[in-house]
J.: 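So that we are looking at the same thing, I have put the structure below in structure tokens.
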Amino acid sequence: MATSRDQLGTLEAEGSSGHRGSSGVEVVLSSDPATPAPLCPHGPTLLFVKVNQGKEETRRFYACSACRDRKDCNFFQWEDEKLSGARLAAREAHNRSCQPPLSQSQCVERYLKFIELPLSQRKFCQSCQQLLLPDDEEKHHEHPVVGDVSITQLKRPSKLLYPLENKKTNAQYLFADRSCLFLVDLLSNLGFRRVLCVGTPRLHELIRLNESGGKKSNIRSLLLDIDFRYSQFYMEDSFCHYNMFNHHFFDGKAALEVCRTFLQEDKGEGVVMVADPPFGGLVEPLAVTFKKLIAMWKEGHSQDNSQKELPIFWIFPYFFESRICQFFPSFCMLDYQVDYDNHALYKHGKTGRKQSPVRIFTNIPPNKIILPIEEGYRFCPLCQRYVSLENQHCEHCNSCTSKDGRKWNHCFLCKKCVKP
Ligand code: SAH
Ligand code: ZN
Ligand code: ZN
């Protein structure tokens with residue numbers, strides 16, 4: 001199931017080299033607004049270039065932004081390719097046929113009917129991953145169906161749905177309770193009142209649970225995710241079917257306005273964005289998307305606030321640090337190790353090579369972020385941040401230098417600290 005050690009190694013090489021290896025495919029970002037990218041079922045495609053031994057090939061091509069596997073979306077078009085009217089029409093028809101069968105508002109309608117049913121009639125089809133209304137049952141009678149779906153279960157869709165683990169598209173790795181509770185507490189302690197959850201369905205539901213349980217100050221949450229199954233469980237103001245690699249809202253302008261309103265409410269005060277993208281995804285298009293969300297937030301506040309930044313938590317492996325900081329120089333990486341339920345390698349409490357490589361990147365000053373002492377994190381007064389137990393302050397570098405949670409050693413030849 002999970003990414004193997006080898007695959008993590010490949011990602012690590014890509015992350016730290018700053019490019020996708022000397023041979024491979026790179027995304028071209030400076031696309032000319034006069035030539036909009038063609039559309040695949042997942043919205044505007046991205047322009048790519050093949051790189052061979054460090055040299056860019058001249059012929060560039062468009063491919064799907066969301067799916068890194070041709071099996072999931074086989075869109076391909078040369079940059080200079082001209083398509084006939086018939087082929088364009090066929091493509092449009094294909095794109096339409098790939099869209100979910102129900103609109104978000106139809107899903108809401110179904111949901112409202114569903115919660116009115118008596119418990120004994122509330123059923124969920126596991127093969128189709130769908131809540132069933134009495135009229136649908138006939139069609140699913142040979143499928144495995146869960147009965148007596150309670151309101152509590154409806155509030156935790158990430159436990160009812162199976163995670164879509166296909167690494168090259170969804171790569172859905174759900175937070176372990178330890179990490180999810182840590183994040184919810186952190187957001188609430190920092191005083192946030194609205195959370196834009198980008199690819200974090202489990203965080204979204206936990207925020208809402210705490211809120212309705214009356215335990216926490218009321219924090220609201222809006223989920224943006226490509227996993228359409230979630231639209232069955234939420235109203236239009238708390239879920240948008242969204243592609244974070246091209247900032248595409250599948251339900252068009254209305255959904256974009258939901259997101260805009262959410263970001264700009266209270267003149268943009270009290271809102272934070274938390275994103276946990278698939279780790280195989282390219283940093284560049286994600287950075288472009290996040291800058292668009294930041295711009296949307298900025299439109300909503302007055303000139304005197306122009307210096308302010310939208311608070312962001314971007315969850316990603318530590319070896320992408322330099323790439324992320326290239327796009328967001330104000331970000332720093334926290335030592336906190338994020339771990340996942342359905343990912344054997346990414347579990348807290350292991351030692352050595354097996355520790356989770358996933359970290360939180362943020363523009364919130366790290367001295368404001370208290371990491372749990374009971375898990376071994378400690379405050380370094382010199383660095384003014386919490387660090388992991390084995391991360392020792394190096395007097396030569398004047399910083400706590402470990403990235404992976406192990407003790408690093410200073411190398412006088414390299415003039416920096418290195419992995420053991
Ligand atoms: N740890 C998070 C889940 C992260 S897994 C949690 O527990 O809440 C990555 C998430 O990003 C999944 O929910 C997946 O559906 C979503 N995702 C994958 N590709 C995406 C894309 N192109 N656009 C938007 N969301 C995407
Ligand atoms: Zn230190
Ligand atoms: Zn050092």
Side-chain angles (χ1 to χ4, degrees), residues 41-42 72 93-166 169-170 172 174-175 177 180 197 199-214 218 220-243 249-259 262 341-342:
H42 308 90
D72 294 330
H94 171 72
N95 288 353
R96 260 198 313 276
S97 74
C98 291
Q99 297 313 309
L102 298 175
S103 72
Q104 174 74 27
S105 56
Q106 285 171 310
C107 287
V108 168
E109 218 171 279
R110 286 177 59 92
Y111 177 81
L112 293 173
K113 282 191 192 143
F114 189 87
I115 53 176
E116 289 298 317
L117 295 171
L119 185 63
S120 61
Q121 287 182 35
R122 277 190 235 137
K123 297 182 180 155
F124 173 77
C125 176
Q126 287 180 314
S127 337
C128 307
Q129 294 282 291
Q130 196 192 327
L131 296 173
L132 303 179
L133 291 174
D135 286 349
D136 312 319
E137 271 174 47
E138 181 60 31
K139 265 188 286 176
H140 300 263
H141 79 275
E142 280 179 23
H143 298 173
V145 166
V146 195
D148 292 346
V149 177
S150 67
I151 297 293
T152 313
Q153 281 171 300
L154 288 174
K155 286 187 175 165
R156 303 240 43 195
S158 78
K159 304 223 160 171
L160 200 56
L161 303 166
Y162 58 72
L164 303 174
E165 287 180 351
N166 55 328
T169 302
N170 291 75
Q172 202 160 52
L174 299 164
F175 293 131
D177 287 342
C180 211
C197 284
T200 58
R202 182 159 277 178
L203 178 66
H204 175 65
E205 68 193 32
L206 205 62
I207 292 169
R208 293 165 57 89
L209 268 181
N210 273 350
E211 185 239 347
S212 60
N218 22 356
R220 278 165 44 222
S221 178
L222 171 62
L223 174 63
L224 309 183
D225 203 287
I226 204 164
D227 184 352
F228 180 72
R229 299 173 307 166
Y230 281 95
S231 63
Q232 299 176 84
F233 301 89
Y234 298 116
M235 303 288 123
E236 286 107 327
D237 64 351
S238 48
F239 175 79
C240 300
H241 188 205
Y242 177 74
N243 181 352
F249 288 85
F250 290 83
D251 288 304
K253 194 142 184 357
L256 177 108
E257 287 310 320
V258 166
C259 178
F262 189 84
D341 259 0
N342 53 329

J.: Indicate yes or no: at least one non-hydrogen side-chain atom of I151 is less than 4.5 angstrom from one of L119.
T.: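 No, their side chains stay 4.5 Å or more apart.
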J.: When rounded to the nearest 0.5 angstrom, what distance separates CG in N210 from CG in L206?
T.: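 So the CG of N210 and the CG of L206 are separated by 5.0 Å.
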J.: Are the side chains of P201 and L174 in touch, meaning some heavy atoms are under 4.5 Å apart?
T.: yes
J.: Compare every heavy atom of D148 with every heavy atom of Q153, then report the nearest pair and how far apart it is.
T.: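 Nearest heavy atoms, Q153 then D148: OE1-O, 3.3 Å.
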J.: Measure the NE2-SG distance between H204 and C197 for me, rounded to the nearest 0.5 Å.
T.: 6.5 Å
J.: Can you confirm whether the side chains of E236 and S105 place a donor and an acceptor under 3.5 Å from each other?
T.: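 On atom types as modelled, these side chains do not qualify, holding no pair under 3.5 Å.
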J.: Apply side-chain contact (heavy atoms from CB on, under 4.5 Å) to the pair F228 and C107, showing each step before the final yes or no.
T.: CA-CA 10 Å; F228 180 72; C107 287; 3.9 Å; yes
J.: CD of E116 to CG of L133: how many Å apart, nearest 0.5 Å?
T.: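 It is 11.5 Å, given to the nearest 0.5 Å.
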J.: Within the structure provided, determine whether Y242 and D251 are in side-chain contact (heavy-atom separation under 4.5 Å).
T.: no
J.: Looking only at heavy atoms, what is the nearest atom pair of E205 and K155, with distance?
T.: CB-O, 3.6 Å
J.: Students often mix this up, so state it plainly: with edges at 30° and 60°, are the rings of F250 and H241 parallel, tilted or perpendicular?
T.: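 Correct class here is parallel.
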J.: Salt-bridged, R110 to D136, with N to O below 4.0 Å?
T.: yes
J.: How long is the gap from OG on S221 to CG on N218, to the nearest 0.5 Å?
T.: 13.0 Å
J.: Passes side-chain contact (heavy atoms from CB on, under 4.5 Å), L209 versus R156? Steps please.
T.: CA-CA 8 Å; L209 268 181; R156 303 240 43 195; 3.4 Å; yes
J.: Any chance you could lay out the side-chain contact (heavy atoms from CB on, under 4.5 Å) test for R202 and D341, step after step, and finish with the verdict?
T.: CA-CA 11 Å; R202 182 159 277 178; D341 259 0; 2.8 Å; yes
J.: I'd like to check S231 versus L102 (side-chain heavy atoms, cut-off strictly below 4.5 Å). Are they in contact?
T.: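 Not in contact.
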J.: Do R208 and Y234 form a cation-pi contact, if we require the NZ or CZ to be under 6.0 Å from the six-membered ring centre and within 45 degrees of the ring's axis?
T.: no
J.: R229 side chain to Y162 main-chain N or O, any donor-acceptor pair under 3.5 Å?
T.: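 Yes; judged by distance alone, with no hydrogens or angles, the pair exists.
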J.: Do F124 and L160 make a side-chain contact, defined as non-hydrogen atoms from C-beta onward lying under 4.5 Å apart?
T.: yes
J.: Check this for me, if you would: do E137 and K123 make a salt bridge, where the nitrogen-to-carboxylate-oxygen distance has to be below 4.0 angstrom?
T.: yes
J.: Please examine the side chains of F175 and T200, heavy atoms only from C-beta on, and report whether any two atoms are closer than 4.5 Å.
T.: yes
J.: Could you go through L223 and S238, starting from their C-alpha distance and side-chain angles, then the distance that decides it, and tell me whether this counts as side-chain contact (heavy atoms from CB on, under 4.5 Å)?
T.: CA-CA 6 Å; L223 174 63; S238 48; over 6 Å; no
J.: Between P101 and Q106, which heavy-atom pair has the shortest distance, and what is it?
T.: O-OE1, 4.2 Å
J.: Determine the minimum heavy-atom distance between C259 and L224, stating which atoms define it.
T.: SG-CD1, 4.2 Å
J.: Taking Q121 for its side chain and P118 for its backbone only, find out whether a donor-acceptor pair lies under 3.5 Å.
T.: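 No, the answer is negative, given that no donor and acceptor are paired below the 3.5 Å cut-off.
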J.: Looking at side-chain heavy atoms only, is the closest gap between Y111 and Q232 below 4.5 Å?
T.: no
J.: Rounded to the nearest 0.5 Å, how far apart are OH of Y230 and CZ of F239?
T.: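 Rounded to the nearest 0.5 Å, the OH-CZ separation comes out at 9.0 Å.
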J.: For the residue pair V258 and D237, what are the closest heavy atoms and their distance?
T.: CG1-CA, 4.0 Å
J.: How many angstroms lie between CD in E109 and OG in S103, if you round to the nearest 0.5 Å?
T.: 8.0 Å
J.: Closest heavy-atom contact between L112 and M235?
T.: CD2-CE, 3.8 Å
J.: Within a strict 4.5 Å, meaning less than it, do heavy atoms of the L132 and F114 side chains meet?
T.: no
